[in-house]
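Working notes, structure below.
The chains referred to below are lettered A, B, ... by the order of the sequence lines, with proteins before strands, and numbering in each begins at 1. What you are looking at is a predicted structure, and each value in this text was computed from that prediction instead of being measured. FYI, side chains are in, hydrogens and waters are out, and symmetry mates aren't considered; it's all heavy atoms of this structure.
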Number of protein chains: 2
Amino acid sequence: MSKCEQCIIKQFNSLKSLTKEELVRISNCKTSHIIKKGTVIFEEGDAVNGVYCVKDGICKLSKLSENGKDQIVKMVVKGQLLGQRSLISNESSNLQATALNDMEVCFIPKSEIMADLQKNPKFSFDVLQDMAHDLKEADDIIVNMAQKSVRQRLAETLIYIHDSFGVNPDGTLSVLLSREDFANIVGTATESAIRVLSQFKKEGLISTIGKQIKIESLEGLKRIE
Amino acid sequence: MSKCEQCIIKQFNSLKSLTKEELVRISNCKTSHIIKKGTVIFEEGDAVNGVYCVKDGICKLSKLSENGKDQIVKMVVKGQLLGQRSLISNESSNLQATALNDMEVCFIPKSEIMADLQKNPKFSFDVLQDMAHDLKEADDIIVNMAQKSVRQRLAETLIYIHDSFGVNPDGTLSVLLSREDFANIVGTATESAIRVLSQFKKEGLISTIGKQIKIESLEGLKRIE
DNA sequence: AAGAAAACATGACAATTATCATATGATAAA
DNA sequence: TTTATCATATGATAATTGTCATGTTTTCTT
């Protein structure tokens with residue numbers, strides 16, 4: 001099994017602030033997992049007794065609302081940690097995590113992380129900064145949800161996915177989402193999301209190859225008000 | 001000037017995890033302020049070089065959107081800390097803070113807080129838990145914004161204010177907000193907020209005394225879908 | 001106390017978005 | 001391969017919400 005001390009993934013998250021000794025200790029108790037696309041990693045209400053370090057793949061964090069819709073709150077990609085919020089609050093998860101494609105993750109048990117949080121202030125501060133960043137992003141999403149139209153939010157979602165997660169060699173977005181996923185990010189009905197995407201296509205802002213989406217005019221999308 | 005070591009307010013926030021020595025040090029460099037209702041404490045883009053410990057009063061944290069609306073993201077009340085997120089990210093503020101009534105605050109300079117975050121893991125973990133809690137609340141707001149009607153969101157806002165901030169002796173909500181503030185919390189047009197409140201009144205769910213609101217049927221408000 | 005300004009209120013209408021119905025293409029299972 | 005199921009697509013219509021106009025009340029200022 002590969003070792004945390006040598007893993008390049010840790011460079012991208014708070015684990016980089018751990019000492020070599022701490023990493024060795026974590027390495028000895030972590031477990032590696034392959035998670036198939038569509039698998040629910042944890043559900044709302046589940047006790048999360050560790051964090052997942054995402055070595056490859058993407059998952060969505062979502063929350064069910066009473067009307068049956070599944071609002072996507074955040075996407076976690078390669079390099080990031082999953083489950084840290086619940087771990088710190090010492091509460092069961094308020095979100096569901098679902099793999100959007102095949103994932104490779106390492107699971108680090110709660111006890112290890114907690115021990116390091118207590119002992120290593122640099123690590124703890126790093127996690128704190130991470131959380132502060134997430135909180136800022138969440139604030140921005142609240143404002144967007146409250147003040148912008150479905151059309152604007154969907155345009156911004158496409159831009160966000162493009163800029164944050166990149167494109168395939170053929171220019172299509174590397175994160176493949178269903179129309180329903182788009183609707184659940186934007187917070188609208190699936191039909192509405194489909195309609196707006198169709199319109200973007202008519203306007204030449206995007207093109208589609210099957211369910212793959214390619215952004216044709218980033219500028220055009222940015223100009224939408 | 002009163003001393004942090006003896007201040008009861010600190011019991012309600014992360015400052016409770018500081019040692020007596022740390023509190024004495026903070027006490028010596030903190031400054032007390034009275035902030036008048038309506039005063040902007042800091043704006044979007046301002047460098048926040050410290051945290052405010054709220055000894056009395058309430059303020060709103062909001063963010064301007066392009067359409068000129070001012071979305072309220074959070075309210076900070078007596079006992080809580082204000083400005084910790086920006087401080088930790090080491091970024092200028094992403095939100096504006098405005099006093100909703102006369103406030104009494106202590107300002108603690110950044111350098112002091114940062115020093116304690118580095119040295120006192122218990123304090124640092126406490127701040128972390130606070131932030132994790134804020135993040136969870138933000139997630140819930142996102143879901144509400146995305147999936148619920150204005151009517152539902154306004155009902156929930158009334159319940160939230162009632163439960164979190166309490167009522168005056170006559171039963172009216174202790175936090176006095178303008179109709180525009182309600183609209184800016186719910187994320188709707190001021191006229192829409194007014195209309196829904198009028199409807200709640202007609203339905204006997206609330207009553208009003210001037211601009212004061214009294215909840216007549218908490219159960220009724222909870223039942224709204 | 002009078003006048004000005006702001007907040008509150010409501011009607012009329014327009015724009016946005018959701019819902020229901022239905023059709024078609026894609027994918028998986030038998 | 002055929003059927004079944006799901007995702008995508010689009011029309012028709014209803015419901016929700018926003019905008020503009022206008023009037024009233026409250027609050028502030030002088």
Response to the item:
Span of DNA chain D engaged by chain B, first through last nucleotide within the 4.0 Å heavy-atom cut-off, is D:dT17 to D:dC20
Worksheet item: For B:Phe182 and C:dA9, what is the distance between atoms CZ and P respectively, to the nearest whole Å?
Response: 11 Å
Item to complete: For B:Thr188, answer base if it contacts any base atom (sugar-phosphate contacts may also be present), sugar-phosphate if it contacts only those atoms, and nothing otherwise; contact means non-hydrogen atoms under 4.0 Å.
Response: sugar-phosphate
Practice prompt. Determine whether A:Gln71 and A:Met145 make a side-chain contact, defined as any pair of heavy atoms from C-beta on separated by less than 4.5 Å.
Written response: yes
Worksheet item: Rounded to whole angstroms, how far apart are NZ on A:Lys69 and C1' on C:dA18?
Response: 8 Å
Item to complete: Grab the CZ-P distance between B:Arg195 and C:dA12 for me, whole Å please.
Response: 11 Å
Practice prompt. Please check if the side chain of B:Glu225 supplies one atom and the backbone of B:Gln152 the other of a donor-acceptor pair under 3.5 Å.
Written response: no
Practice prompt. May I have the distance from A:Ile224 (atom CD1) to C:dT16 (atom P), rounded to whole angstrom?
Written response: 13 Å
Item to complete: Specify the separation, in whole Å, of atom CG of B:Leu197 and atom P of C:dT10.
Response: 11 Å
Worksheet item: Between A:Glu191 and A:Arg153, which has a closest nucleotide on DNA chain C that is more 5'?
Response: A:Arg153
Worksheet item: Any idea which heavy atoms bring A:Arg153 and A:Asn144 closest together, and the distance?
Response: CD-O, 3.4 Å
Worksheet, complete the sentence: To the nearest angstrom, the CD-C1' distance between A:Glu225 and C:dT16 comes to 17 Å
Fill in: Distance in Å, A:Ile224 CD1 paired with A:Phe200 CZ, rounded so as to fall on 0.5 Å steps
3.5 Å
Item to complete: Ignoring hydrogens and angles, state whether a donor on the side chain of B:Lys55 or B:Ser32 is under 3.5 Å from an acceptor on the partner side chain.
Response: no
Discussion item. Test salt bridge (Lys or Arg N to Asp or Glu O under 4.0 Å) on B:Lys60 and B:Asp181; report intermediate values, then the result.
Written reply: CA-CA 9 Å; B:Lys60 62 180 176 184; B:Asp181 282 330; 2.9 Å; yes
Fill in: Rounded distance in Å - NZ (B:Lys148) to P (C:dA18)
16 Å
Discussion item. With a sphere of 6.0 Å drawn around NE2 of B:His33, does it hold more than 12 non-hydrogen atoms of other residues, nucleotides or ligands?
Written reply: yes
Item to complete: Nearest whole angstrom, please: distance from the P of C:dA7 to the CD1 of B:Ile213.
Response: 16 Å
Worksheet item: So does A:Ser192 get a side-chain nitrogen or oxygen closer than 4.0 Å to the phosphate oxygens (OP1/OP2) of C:dT16?
Response: no
Worksheet entry | Earlier contact from the 5' end, DNA chain D, for A:Ser178 and A:Ala146 | A:Ser178
